[in-house]
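Take a look at the structure below.
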Amino acid sequence: MTKFNVASINQCTEVEGPNKRLCIWFQGCNIHCRECCNPDYQPLVPKNILSLDELVSIITEAKGEFGIEGVTYSGGEPTLQQGLPQLTEAIRNLGLGVISFTGKRYEEVKDILSGCDAVLDGAYEADNKETRRRILGSANQRIICITDRYKDCIEDWFSQNENKSVEVNIGSAIVANGDKI
Ligand code: SF4
């Protein structure tokens, strides 16, 4: 059965891409960028092991309850999750868009990212910090539109640097996400 190693989920965020989105932070990354922004999500250890059906159910609930328009994959390194294409297909079948971060070059991981609408790629370069675009860490990282879904809005959204924001969600745990400010 397809399983996913999930560090955390925010069912409705407005700081991880255009529109309201559910964001999944996958556990585990083997890229080891210096000054990684999410070091707790680097270790390749099991965290919350969820099945495809469990993840789809959480996403379906967020669509109904919060009216999310899409899902963002973050981490950790999303492309380490072998079931990612099946998850992406299931999300698209719900009528939702998918945006994925990856610390690899898109060309290296395009198969596992198949079905995504947009990809934010490239390892974090601590000596090449991003100063213009929101939520991207370094200037080498690319915004790649695979489909037309976000073509007309994604560059605008990322260039709204004056709208840098952090959300703090208080539930069973406190999770902060968004731009570093
Ligand atoms: S790719 Fe992302 S999660 Fe992985 S080490 Fe680099 S900044 Fe951290």
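Ligands are counted one by one from 1 in listed order, and the atoms in each one are counted from 1 as well. All heavy atoms count here, side chains included; hydrogens, waters and symmetry mates do not.
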Exercise. So which heavy atom in the protein is nearest atom 8 (Fe) of ligand 1, and how far is it from that ligand atom?
Worked result: Cys36 SG, 2.3 Å

Exercise. Salt bridge or not for Arg142 and Glu107, using N-O below 4.0 Å?
Worked result: yes

Problem set entry | Which segment of His32 sits under 4.0 Å of ligand 1 when only heavy atoms are counted | backbone

Exercise. Ligand 1 versus Cys29, non-hydrogen atoms closer than 4.0 Å: side chain, backbone, both, neither?
Worked result: side chain

For this session: Run the salt-bridge test on Arg34 and Asp127 with the 4.0 Å N-O cut-off and return the result as yes or no.
Result: yes

Exercise. Are Glu108 and Arg105 close enough, and set up right, to give a salt bridge (charged side-chain N to carboxylate O under 4.0 Å, His left out), and what steps lead you there?
Worked result: CA-CA 6 Å; Glu108 298 171 58; Arg105 296 280 291 178; 5.8 Å; no

Problem set entry | Glu54 with Lys3: basic N within carboxylate O range, under 4.0 Å | no

Problem set entry | atom 2 (Fe) of ligand 1: the protein heavy-atom neighbour that sits closest, reported with distance to 0.1 Å | Gly76 O, 4.5 Å

Problem set entry | Proximal atoms of ligand 1 relative to Gln42 (non-hydrogen, under 4.0 Å) | 5 (S)

Exercise. So, Glu89 and Arg92, do they make that salt bridge, N to O below 4.0 Å?
Worked result: no

Problem set entry | Sidechain N-carboxylate O distance under 4.0 Å for Glu69, Arg149 | yes

Seminar exercise, completed: Residue, atom and distance of the protein heavy atom nearest atom 5 (S) of ligand 1 read Cys33 N, 3.2 Å

Exercise. Against heavy atoms of Gly103, which atoms of ligand 1 measure under 4.0 Å?
Worked result: 1 (S)

